[in-house]
Undergrad: 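Below you will find the structure I want to go over with you.
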Amino acid sequence: MHSHEVKWGTGQGGTPLNRERQRVSLVTLGEAAGLIVQPTMERTLIAVKSDGVQRGLTGDIISRFERRGFKLIGMRLVKPSEDLAKQHYIDLKDKPFYAGLCKFTSSGPFVAMCWEGQNIVKMSRDMLGETNPADSKPGTIRGDLCVQVGRNIIHGSDSLETAKKEVALWFKPEELVEWKSCMEPYQYE
Ligand code: DAT
Ligand code: MG
């Protein structure tokens with residue numbers, strides 16, 4: 001049966017399968033009309049930078065993402081090459097702090113992680129706080145755990161497009177693990 005042939009209501013087509021088809025058709029119609037916006041499942045790059053690792057904050061940071069209900073699908077502890085650090089921060093290449101930033105980043109250790117969840121790009125940026133810890137609200141990672149912009153302990157992709165690029169920069173496809181979380185039915189309806 002094509003979706004436009006679905007009989008609405010409880011009469012004909014009232015089997016569970018048809019009811020599910022009707023629901024899907026209604027959602028599709030709602031989306032097309034712009035009435036329903038489905039949140040998207042996204043992936044993002046979160047990294048504990050060398051200052052965060054040195055200060056023993058890796059566990060706290062991972063814990064916040066776990067407790068929020070996001071899913072870890074990739075993790076690597078690395079000492080990045082200076083080239084990789086430069087590539088990672090390429091958008092900032094004209095900033096006066098670029099060289100120092102890349103040098104500091106490549107000193108390692110650096111914990112690169114890929115996390116997955118609905119709307120995770122924006123939600124994780126909110127969890128990080130502002131770039132400058134001094135502007136970050138208590139309760140955020142930077143607002144709770146650090147003081148200065150050059151030692152702000154964590155990286156998070158700032159848009160979906162950046163996230164795709166950054167996850168690909170730090171992870172080979174086979175380093176990302178597809179797994180089904182047993183918590184999912186209690187996090188997403
Ligand atoms: P964010 O890490 O919040 O995405 P960004 O991409 O603008 O911020 O900058 C990347 C990193 O560069 C940032 O986490 C710390 C460093 N940085 C930014 N602005 C700086 C500044 N004014 N002085 C020193 N380091 C800075
Ligand atoms: Mg950034």
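All ligand and atom numbering here is 1-based and tracks the order in the structure. Counting from 1, the numbers follow the sequence of the chain as shown.
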Undergrad: Who are the residue neighbours of ligand 1 when the rule is a heavy atom under 4.0 Å from any of its atoms?
TA: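 Residues within 4.0 Å of ligand 1: K49, Y89, L92, F97, L101, R125, T131, R142, V149, N152.
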Undergrad: Hey, what's the ring geometry for F70 with F65, parallel, tilted or perpendicular (30° and 60° as the breaks)?
TA: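 Because their plane-to-plane angle lies in the 30° to 60° range, the rings of F70 and F65 count as tilted.
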Undergrad: Test your reading of the model: is there a side-chain donor-acceptor pair from S157 to the backbone of S159, 3.5 Å cut-off?
TA: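 It does not hold such a pair.
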Undergrad: When you measure from the centre of the six-membered ring of F171, is the NZ or CZ of R43 under 6.0 Å away and within 45° of the axis?
TA: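 No; the conditions do not both hold, so R43 does not lie above the ring face of F171.
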Undergrad: Distance under 6.0 Å and angle within 45° of the ring axis: does K71 meet both against W179?
TA: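 Yes, a cation-pi geometry.
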Undergrad: Partners of E161 by side chain to side chain donor-acceptor pair (under 3.5 Å), sequence neighbours excluded?
TA: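 Partners of E161 by the side chain to side chain donor-acceptor pair (under 3.5 Å) criterion come out as none, since no residue qualifies.
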Undergrad: Inspect the surroundings of CD in E174 and state if more than 12 heavy atoms from other residues, nucleotides or ligands are less than 6.0 Å away.
TA: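 For E174, atom CD is crowded (more than 12 foreign heavy atoms under 6.0 Å).
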